[in-house]
2 protein chains.
Amino acid sequence: MGRRPLISDEELLARLGRAFRNLGYEGSSLAKLADESGLKKASLYHRFPQGKEQIAGEVLDFACQSLEQTVLASLRSDDQPDLRLRAMIDQLRVFYSDGNRACLLSMLSSPLSTADAFSERIKKTLETWISALEQTLEEAGLAPGQARQSALTSVALIQGSLVLARGMKSTQPFELAMEQLQRDLVDEARPH
Amino acid sequence: MGRRPLISDEELLARLGRAFRNLGYEGSSLAKLADESGLKKASLYHRFPQGKEQIAGEVLDFACQSLEQTVLASLRSDDQPDLRLRAMIDQLRVFYSDGNRACLLSMLSSPLSTADAFSERIKKTLETWISALEQTLEEAGLAPGQARQSALTSVALIQGSLVLARGMKSTQPFELAMEQLQRDLVDEARPH
DNA sequence: GTCTATAGGAAGATAGAC
DNA sequence: GTCTATCTTCCTATAGAC
């Protein structure tokens, strides 16, 4: 009896993530999610009984976990701070496919004045990211307040470069942002 | 006979803009647009015969025009470069309501790989913004390549700070970004 | 586990009264 | 110009065969 899934959970979440990154939550209809995943709508409901909201929730969890294990992990190694920052930038290029991929954290965000099922996870992941970066910058010798400020604007620069890439139909904003981070973070952190 | 509109075009576009900024294109159903504007669906179709796409298009045009006349206009005055940059930052706080408002240019963007009816207008406005900023930075004495790079990453920082404000449910990222711009742009541009 | 078929409702859009 | 009522299409979700 054919009970084994035709596609693994990870591959499925990766494909569904493509839809949410490109179309957002409202734009990702079950029909499009089915097309993107290769499964039919009813099959998606079998694997995600609570429907679209569960799909988006698990896709988001998967993406956050992936960010943790690549981008954030590079900040937590036992290398020198400047090398960890350099590693984060390398991981960012992979994670956002050189600027071709939008960020799920941004695409699933709700207005500032409201809160939905994803708000908490998004907020927590962004704060974790900023804190990990802040910690690295402090170890590199920045003053605490300065480290926090620099971490926050660095993550803002990354997110904004992805917004510009989308809006300007070019990966150049992302590329320039990565170079800017290299100069502002790594070169500052390098022991001299 | 009651032919005069109950609400002016500008007020109408402003209210409809709220919906698109908060909910995006797909999330802004005609029902929600009607609620937000105070008109009924059929009335919206009377004033925008081509429907939702026309509404979003005119809302976008109105927002771009508003950006031009406030934020971009401040960059084009005949003041000193450092004063023009300071003025832009002041205008940004108003335009984005101290970080409480998302940017329509970002909310109506389609994936990098695709292009829709709004793509051209969004791309053009972002490029106009970056060019105006670049021009001001050159007048302040930056090398041409440096000015372009700095203009692009500055706009990315602004957009990203709005993304973070949304995601972290706080206007602090926007506030810090404005302070960062003050330091990186204005203080650099000030004649010494 | 996956599928076809379909229920039930919300979406975009229109007709016609006032 | 604005409204109520309605049409059609698309959406989320479910039932039941294989």
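Protein chains get the first letters and strands the later ones, always in sequence-line order, with residue 1 at the start of each.
Counting non-hydrogen atoms under 4.0 angstrom, B:S28 reaches the backbone sugars and phosphates but no base.
The phosphate of C:dA13 has OP1 or OP2 within less than 4.0 Å of a side-chain N or O from B:Y45. For C:dC3, one of the phosphate oxygens OP1 or OP2 lies less than 4.0 angstrom from a side-chain nitrogen or oxygen of A:S43. The shortest distance between the side-chain N/O atoms of A:R4 and the OP1/OP2 oxygens of C:dT2 is not below 4.0 Å. For C:dG1, one of the phosphate oxygens OP1 or OP2 lies less than 4.0 angstrom from a side-chain nitrogen or oxygen of A:H46.
Here the nucleotide nearest the side chain of A:K52, chosen from D:dT12, D:dT14, C:dA15, is D:dT12. Between C:dG1, C:dC3, D:dT2, one nucleotide has an atom nearer to the side chain of B:L39 than all others, and that is D:dT2. In the set D:dG1, C:dA13, D:dA13, D:dG1 carries the atom at the smallest distance from any side-chain atom of B:P5. Distances were taken from every side-chain heavy atom of B:A42 (C-beta onward) to each of C:dT2, C:dA11, D:dT4; the shortest belongs to D:dT4. Among the nucleotides D:dT14, D:dC3, D:dT12, the one closest to the side chain of A:S29 is D:dT12.
Regarding B:E53, its CD atom lies at a distance of 19 Å from the P atom of C:dA11, rounded to whole Å. Residue A:L30 contributes atom CG, which lies 18 Å from atom P of C:dA7 at whole-angstrom precision. Rounded to a whole Å, the CD1 atom of A:I7 is 9 Å from the P atom of C:dT2. Spacing between atom NZ of A:K41 and atom P of D:dC11 amounts to 8 Å, rounded to whole angstrom units. Distance B:R47 CZ to C:dA13 C1': 18 Å, rounded to the nearest Å. Going from atom CZ of B:F48 over to atom P of C:dT14 covers 15 Å, rounded to whole Å. As a whole-Å value, the separation of A:K32 NZ from D:dT12 C1' is 14 Å. Rounding to whole angstrom units, NZ of residue A:K40 and C1' of D:dC11 are separated by 17 Å.
Seen from the ring of B:Y45, B:K52 does not count as a face-on cation partner, given the 6.0 Å and 45° thresholds.
Remark on DNA chain D: of its neighbouring residues B:G38 and A:P49, the 5'-side contact belongs to B:G38, judged by nearest-heavy-atom nucleotide.
Atom CD of B:E139 sits in a crowded spot, with more than 12 heavy atoms from other residues, nucleotides or ligands closer than 6.0 Å.
With hydrogens and angles disregarded, a donor-acceptor distance shorter than 3.5 Å links the side chain of B:T125 to the backbone of B:R121.
Ring geometry, B:F20 versus B:Y25: the interplanar angle falls under 30°, so the pair is classed parallel (tilted spans 30 to 60°).
To the nearest 0.5 Å, atoms CG (B:L162) and OG1 (B:T171) are separated by 10.5 Å.
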